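Computed from a predicted structure; not experimentally measured.
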Amino acid sequence: MSDDNRDRPAGGTPPHGPPPTSSPEAAPESPPELWRDTPESTAPAAPPVPPEYDPAELTDRWRRALADLDNLRKRHARDLPRELAAERARVAAAWLPVVDNLELALAHADAEPGAVVSGVRAVRDQAVDVLKGLGYPRDDETGIPFDPQRHDVVSVVDSADTAPGTVVQMMRPGYGEPGRQLRPATVTVSRKPE
């Protein structure tokens, strides 16, 4: 048996037609690779690409999304300074009445001292209300348990009358709430006497 016949199916007939003839006018013999079932020839053909997954369409969508993102960045860069300026103006406008009342208190400094003191207290209350309106309420409670998120301890005192870890004196009030503070309250805390 020749090497060429070894690759042919039994009976000597290739699966794709009659055996080649040896006449000079006959078609050339097909290579033995076509007679075998190879994995490449039995693999299913790739399904056609659906139109919604057309590479050109997807590339176009991707480029449009990038352009939209770039436009959004530019708009944000343009709008941010304007928004910051508007917020600064709003906060400054909230403080103008406080400044006006301080000027009135200074103008009446020669008047009765009790009237000046009560005027300064009124201005302080007005400033505290402005801070509260901006979202930073005053925190000046005493007699409550120490909270490290709200308080900074500057001293500890022995006290048999209060539970250990209780705020007994407010040194400087805090403004804001836990997680959103301008500053924590500075306090003195009690401990058990030794």
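Closest of all the heavy-atom pairs between His151 and Phe146 is CB-CE1, 3.5 Å. Of all heavy-atom pairs spanning Ala77 and Pro81, the tightest one is O-CD, 3.1 Å.
With contacts defined as side-chain heavy-atom distances shorter than 4.5 Å, the pair Val154/Val187 does not qualify. For the pair Tyr136 and Glu177, the minimum side-chain heavy-atom distance is 4.5 Å or more. Within the 4.5 Å cutoff, the side chain of Thr188 has no heavy atoms near those of the Val156 side chain. Counting only heavy atoms from C-beta outward, the side chains of Arg191 and Ser159 never approach each other to under 4.5 Å. Counting only heavy atoms from C-beta outward, the side chains of Leu72 and His76 never approach each other to under 4.5 Å. Proximity of Arg138 to Leu131: side-chain heavy atoms (C-beta onward) are nowhere separated by under 4.5 Å.
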Self-check item: From CA spacing to verdict: side chain to side chain contact (heavy atoms under 4.5 Å, CB included), Arg90, Leu134
Solution: CA-CA 10 Å; Arg90 186 178 75 82; Leu134 293 172; 3.9 Å; yes
Practice problem: Determine, step by step, whether Arg124 and Val120 satisfy the side chain to side chain contact (heavy atoms under 4.5 Å, CB included) criterion, reporting the C-alpha distance in whole Å, the side-chain angles of both residues, the deciding distance to 0.1 Å, and the verdict. | Solution: CA-CA 6 Å; Arg124 186 220 35 217; Val120 170; 5.6 Å; no
Quiz prompt | salt bridge (Lys or Arg N to Asp or Glu O under 4.0 Å) assessment of Glu141 paired with Arg150 | solution = CA-CA 11 Å; Glu141 293 179 89; Arg150 296 174 52 194; 3.3 Å; yes
Exercise. Run the numbers on Arg64 and Asp60 for salt bridge (Lys or Arg N to Asp or Glu O under 4.0 Å), then give the verdict.
Key: CA-CA 6 Å; Arg64 288 177 188 268; Asp60 183 55; 3.0 Å; yes
Quiz item: Between Val189 and Val168, is a side chain to side chain contact (heavy atoms under 4.5 Å, CB included) present by the stated rule, with each step listed?
Solution: CA-CA 6 Å; Val189 177; Val168 292; over 6 Å; no
Quiz item: After noting the C-alpha distance and the side-chain angles of Lys132 and Asp129, does the key distance pass the salt bridge (Lys or Arg N to Asp or Glu O under 4.0 Å) rule?
Solution: CA-CA 5 Å; Lys132 184 178 179 181; Asp129 288 342; 6.0 Å; no
Exercise. Go through the steps for Lys192 and Asp158 under the test salt bridge (Lys or Arg N to Asp or Glu O under 4.0 Å), then give the verdict.
Key: CA-CA 6 Å; Lys192 282 186 178 179; Asp158 294 335; over 6 Å; no
Quiz item: Hey, mind stepping through Glu87 and Val91 against side chain to side chain contact (heavy atoms under 4.5 Å, CB included) and telling me if it holds?
Solution: CA-CA 6 Å; Glu87 186 64 21; Val91 171; 4.0 Å; yes
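Val123 and Trp95 fall within a single hydrophobic cluster, where Ile, Leu, Val, Met, Phe, Trp and Tyr side chains are chained together by heavy-atom contacts under 4.5 Å. Residues Val128 and Leu102 share a single hydrophobic cluster, defined by chaining ILVMFWY side chains whose heavy atoms lie under 4.5 Å apart.
By the 4.0 Å N-to-carboxylate-O rule, Asp79 lies close enough to Arg82 to be salt-bridged with it.
A distance of 12.0 Å separates CG of Leu182 from CG of Asp139, quoted to the nearest 0.5 Å. The structure places CZ of Arg63 at 12.0 Å from CG of Leu58, a figure rounded to the nearest 0.5 Å. Atoms CE and CG, from Met171 and Asp140 in turn, are 14.0 Å apart once rounded to the nearest 0.5 Å.
A cation-pi contact, defined as under 6.0 Å to the ring centre and within 45° of the axis, is absent between Arg183 and Tyr175.
Between the Thr166 side chain and the Thr162 main chain, no donor and acceptor come within less than 3.5 Å of each other. No donor-acceptor pair under 3.5 Å is formed between the side chain of Arg172 and the backbone N or O of Pro184. Side chain of Gln181 to backbone of Gln149: a donor-acceptor contact under 3.5 angstrom is found.
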